K.L.:
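Let me give you the structure first, and then I'll get to my questions.
What you see is a predicted model, and the numbers here were worked out from it, not measured in a lab.
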Amino acid sequence: GTLVETTFVAMFAAIIVTGSMLMTVGVGKSYNRTTAQHTVDQGASQAIQRITRDLQEAKQFQILTTSRIRILFPVSTGDSYNRQVTDTVNFIEYYRGDEDGTVNANGDCIIRSVAGATRVIAEGVAELEFSSESPSSVIVDTRFDTTVNEHTFSCSMTHRAILMRNYTL
């Protein structure tokens, strides 16, 4: 009887340990997937918010390519704007590019360029498209992807009608 009881206890313990390990691995994978989706969603949202803030202050914009926009502001007169005059020297560009700031329509970063100084504001970019239906607003379409454990997580965002507060005819 003692050998049978010992074997039974050992098998039962092995089943419990195996079940616990599988549950722990499953929880870990679930956590990684949730974190990956949250990260890609948050990155997309922050990039759109940054572009939106600049566009809201703009006087004009120029869509240079479908993945590149130049934002022009009114001339600054100290602590205010002269909304009648466009500053063609101090502008901001957003574009799809590489991590080093190089313009690349297939790059995986959104770059913000101010006076030639570039900064990556988002990574994992799969799509970036600027379009417009009127001279006073911009539409931004984006898709961000990240891959974790051979599983791709995506976030697509479209921000329509980003109106420019300083637009004048």
Side-chain angles (χ1 to χ4, degrees), residues 1-58 61 63-71 91-133 137-165:
T2 309
L3 183 59
V4 172
E5 291 171 353
T6 303
T7 304
F8 177 75
V9 168
M11 285 177 31
F12 187 70
I15 290 171
I16 289 176
V17 168
T18 302
S20 296
M21 287 175 46
L22 289 174
M23 198 164 76
T24 301
V25 168
V27 168
K29 284 183 179 181
S30 176
Y31 174 78
N32 287 343
R33 288 180 177 168
T34 301
T35 301
Q37 187 64 58
H38 175 73
T39 300
V40 77
D41 291 349
Q42 188 174 23
S45 177
Q46 289 174 345
I48 290 288
Q49 288 173 14
R50 183 62 186 258
I51 295 168
T52 298
R53 279 195 306 268
D54 285 335
L55 280 166
Q56 287 173 335
E57 292 297 319
F61 62 88
I63 296 176
L64 304 174
T65 67
T66 56
S67 63
R68 186 174 185 178
I69 190 169
R70 177 174 292 162
I71 303 170
F91 55 83
I92 295 174
E93 286 188 0
Y94 286 94
Y95 56 88
R96 191 167 171 189
D98 297 327
E99 193 173 322
D100 64 1
T102 304
V103 176
N104 178 354
N106 297 313
D108 70 344
C109 298
I110 294 179
I111 309 295
R112 182 177 190 261
S113 175
V114 180
T118 60
R119 194 173 124 228
V120 174
I121 65 160
E123 296 178 349
V125 178
E127 292 176 16
L128 174 64
E129 184 175 323
F130 298 102
S131 60
S132 179
E133 297 170 354
S137 68
V138 176
I139 300 166
V140 182
D141 287 307
T142 60
R143 191 182 92 230
F144 292 79
D145 293 340
T146 189
T147 302
V148 175
N149 297 330
E150 299 178 12
H151 186 78
T152 300
F153 299 89
S154 295
C155 179
S156 296
M157 295 185 93
T158 298
H159 199 309
R160 297 195 167 279
I162 301 170
L163 299 174
M164 297 180 295
R165 179 167 46 215

K.L.:
Any idea which heavy atoms bring Gly101 and Tyr95 closest together, and the distance?
P.N.:
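Scanning both residues completely, I find the closest heavy atoms to be O-OH, 2.6 Å.
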
K.L.:
Listed by chain and number, what are the side-chain contact (heavy atoms from CB on, under 4.5 Å) partners of Thr65, not counting sequence neighbours?
P.N.:
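side-chain contact (heavy atoms from CB on, under 4.5 Å) list for Thr65, sorted by chain: Ser67, Arg68.
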
K.L.:
Of all heavy-atom pairs between Phe144 and Ala122, which one has the smallest distance, and what is that distance?
P.N.:
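Shortest heavy-atom separation between Phe144 and Ala122 comes out as CE2-CB, 3.5 Å.
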
K.L.:
Show me the pairs that pass salt bridge (Lys or Arg N to Asp or Glu O under 4.0 Å) and involve residues 117-132, at least two apart or across chains.
P.N.:
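Output for this query lists Glu127-Arg143.
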
K.L.:
Using atom types as modelled and distance alone, determine if a side-chain donor or acceptor of Thr158 lies under 3.5 Å from a backbone N or O of Asp141.
P.N.:
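The answer is no, because no donor-acceptor pair under 3.5 Å joins these two groups.
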
K.L.:
List in chain and number order the residues that pass side-chain contact (heavy atoms from CB on, under 4.5 Å) with Ile16, two or more places apart in sequence or in another chain; answer none if no residue qualifies.
P.N.:
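Ile16 satisfies side-chain contact (heavy atoms from CB on, under 4.5 Å) with Phe12, Ser20 once adjacent residues are dropped.
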
K.L.:
Not counting sequence neighbours, which residues clear side-chain contact (heavy atoms from CB on, under 4.5 Å) with Ser45? List them please.
P.N.:
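Checked Ser45 against side-chain contact (heavy atoms from CB on, under 4.5 Å); matches are Gln49, Met157.
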
K.L.:
Throw together a table of side-chain donor-acceptor distances under 3.5 angstrom for residues 146-155, partners on residues two or more places apart or in other chains.
P.N.:
residue	atom	partner	partner atom	Å
Thr147	OG1	Thr152	OG1	3.2
Ser154	OG	Asp145	OD1	2.5

K.L.:
Answer whether the closest heavy-atom distance between the side chains of Phe130 and Phe61 falls below 4.5 Å.
P.N.:
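No, side chains not in contact.
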
K.L.:
Give me each pair satisfying salt bridge (Lys or Arg N to Asp or Glu O under 4.0 Å) with a member in residues 95-115, each pair once, sequence neighbours excluded.
P.N.:
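Every salt bridge (Lys or Arg N to Asp or Glu O under 4.0 Å) pair that includes a residue of residues 95-115, provided the two are not neighbours, is Asp54-Arg112.
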
K.L.:
So Ile69 and Leu55, do their side chains get closer than 4.5 Å, heavy atoms only?
P.N.:
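Contact flag for Leu55/Ile69 side chains = yes.
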
K.L.:
Can you name the nearest heavy-atom pair linking Arg70 to Phe91, along with the distance?
P.N.:
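Smallest heavy-atom distance, with atoms named: NE-CE1, 3.3 Å.
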
K.L.:
Can you measure from CD1 (Ile63) to CD1 (Ile71) and round to the nearest 0.5 angstrom?
P.N.:
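Between atom CD1 of Ile63 and atom CD1 of Ile71 there are 10.5 Å.
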
K.L.:
With sequence neighbours left out, write down each residue that passes side-chain contact (heavy atoms from CB on, under 4.5 Å) with Ser131, or none if nothing qualifies.
P.N.:
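Here the qualifying residues are Ile139.
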
K.L.:
Among Val140, Ile121, Val120, Ile48, whose side-chain contact (heavy atoms from CB on, under 4.5 Å) with Ile110 holds?
P.N.:
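With Ile110 as partner, Val140, Ile121, Val120, Ile48 yield a single side-chain contact (heavy atoms from CB on, under 4.5 Å), made by Ile121.
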
K.L.:
Who are the side-chain hydrogen bond (donor to acceptor under 3.5 Å, both in side chains) partners of Ser156, not counting sequence neighbours?
P.N.:
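side-chain hydrogen bond (donor to acceptor under 3.5 Å, both in side chains) check on Ser156 returns nothing, list empty.
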
K.L.:
My understanding is that only residues two or more places apart in sequence, or in another chain, count here; which of them pass side-chain hydrogen bond (donor to acceptor under 3.5 Å, both in side chains) with Thr66?
P.N.:
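Thr66 satisfies side-chain hydrogen bond (donor to acceptor under 3.5 Å, both in side chains) with no residue once adjacent residues are dropped.
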
